[in-house]
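All of these numbers come straight from a predicted model, not from anything done at the bench. What's counted below: heavy atoms across the whole structure, side chains too, no hydrogens, waters or symmetry copies.
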Amino acid sequence: MEEQLRVESYEQIRIRRKRLESNERRIAELKRLFIKIYEDNASGRLTDERYDMLSQTYEAEQKQLEAEAITLQQEIEVQAVSYTHLTLP
């Protein structure tokens, strides 16, 4: 029973870390995309309307991912403490 809890706890940590890494990669990608659309808008290759639409979309996604990343990090920390207590004799 205790072994099963340890395995499940470890698996939950692994899943959350994987999701956190994915979120962090996407946040970095969104930052690059935002810079790109800014440059395209400044050079006239992207209309102001399209820039506004894309920047709002990217910004909303980034805020959602950042909030989720904070939650995931907190969950990982809590789960890690639980896992540590399960592995102690």
Side-chain angles (χ1 to χ4, degrees):
M1 177 74 159
E2 209 171 288
E3 181 63 26
Q4 178 68 20
L5 288 174
R6 277 196 297 267
V7 169
E8 288 174 7
S9 181
Y10 176 79
E11 185 63 19
Q12 288 298 318
I13 292 170
R14 190 186 68 74
I15 289 169
R16 286 183 172 97
R17 281 186 180 152
K18 187 175 181 178
R19 178 69 181 166
L20 178 60
E21 290 170 7
S22 174
N23 284 6
E24 289 171 344
R25 281 192 304 275
R26 180 62 180 161
I27 290 167
E29 181 181 3
L30 287 167
K31 288 177 181 180
R32 287 190 299 275
L33 288 170
F34 193 81
I35 291 168
K36 174 79 169 114
I37 66 168
Y38 176 81
E39 291 171 350
D40 286 350
N41 180 254
S43 69
R45 290 188 300 249
L46 188 66
T47 65
D48 289 343
E49 294 82 20
R50 182 65 61 153
Y51 171 80
D52 289 340
M53 188 263 312
L54 289 170
S55 66
Q56 288 174 12
T57 302
Y58 292 159
E59 189 173 340
E61 183 181 356
Q62 183 175 349
K63 284 182 180 182
Q64 183 268 327
L65 289 170
E66 288 172 342
E68 185 179 345
I70 290 168
T71 300
L72 286 167
Q73 186 61 45
Q74 291 169 342
E75 290 173 353
I76 290 167
E77 290 171 6
V78 168
Q79 197 72 33
V81 169
S82 296
Y83 180 77
T84 301
H85 289 299
L86 287 173
T87 58
L88 293 175

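- Rounding to the nearest 0.5 Å places CG of Leu20 at 10.0 Å from CZ of Arg25.
- Residues Val78 and Ile13 fall into different hydrophobic clusters, defined by Ile, Leu, Val, Met, Phe, Trp and Tyr side chains chained together at heavy-atom separations under 4.5 Å.
- Under the 4.5 Å side-chain heavy-atom criterion for ILVMFWY residues, no single connected hydrophobic cluster contains both Ile70 and Ile76.
- Looking at Glu21 and Arg17, no side-chain N of the basic residue comes within less than 4.0 Å of a carboxylate O on the acidic one, giving no salt bridge.
- Looking at heavy atoms from C-beta onward, Asn41 lies out of side-chain contact with Leu54 at the 4.5 angstrom threshold.
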Audit row: Glu11, Ile15, side chain to side chain contact (heavy atoms under 4.5 Å, CB included) steps and yes/no: CA-CA 6 Å; Glu11 185 63 19; Ile15 289 169; 3.8 Å; yes
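- Summarising the geometry, atom CD belonging to Glu39 is positioned 11.5 Å from atom CZ belonging to Phe34; distances are rounded to the nearest 0.5 Å.
- Atoms CD and CD1, from Glu68 and Ile27 in turn, are 9.0 Å apart once rounded to the nearest 0.5 Å.
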Intermediate values then yes/no, salt bridge (charged side-chain N to carboxylate O under 4.0 Å, His left out), Glu3 and Arg6: CA-CA 5 Å; Glu3 181 63 26; Arg6 277 196 297 267; 2.5 Å; yes
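- The CD atom of Gln79 sits 12.0 Å away from atom CG of Leu72, with the distance rounded to the nearest 0.5 Å.
- The closest donor-acceptor contact from the side chain of Ser22 to the backbone of Lys18 lies at 3.5 Å or more, if one exists at all.
- Sorted by first then second residue, the salt bridge (Lys or Arg N to Asp or Glu O under 4.0 Å) pairs that include residues 43-57, not counting sequence neighbours, are Asp40-Arg45.
- Heavy atoms of other residues, nucleotides or ligands lying less than 6.0 angstrom from OH of Tyr58 number more than 12.
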Worked verdict on Arg26 versus Glu29 for salt bridge (charged side-chain N to carboxylate O under 4.0 Å, His left out): CA-CA 5 Å; Arg26 180 62 180 161; Glu29 181 181 3; 3.2 Å; yes
Residue pair Leu65, Leu30: steps toward the side chain to side chain contact (heavy atoms under 4.5 Å, CB included) verdict: CA-CA 10 Å; Leu65 289 170; Leu30 287 167; 3.9 Å; yes
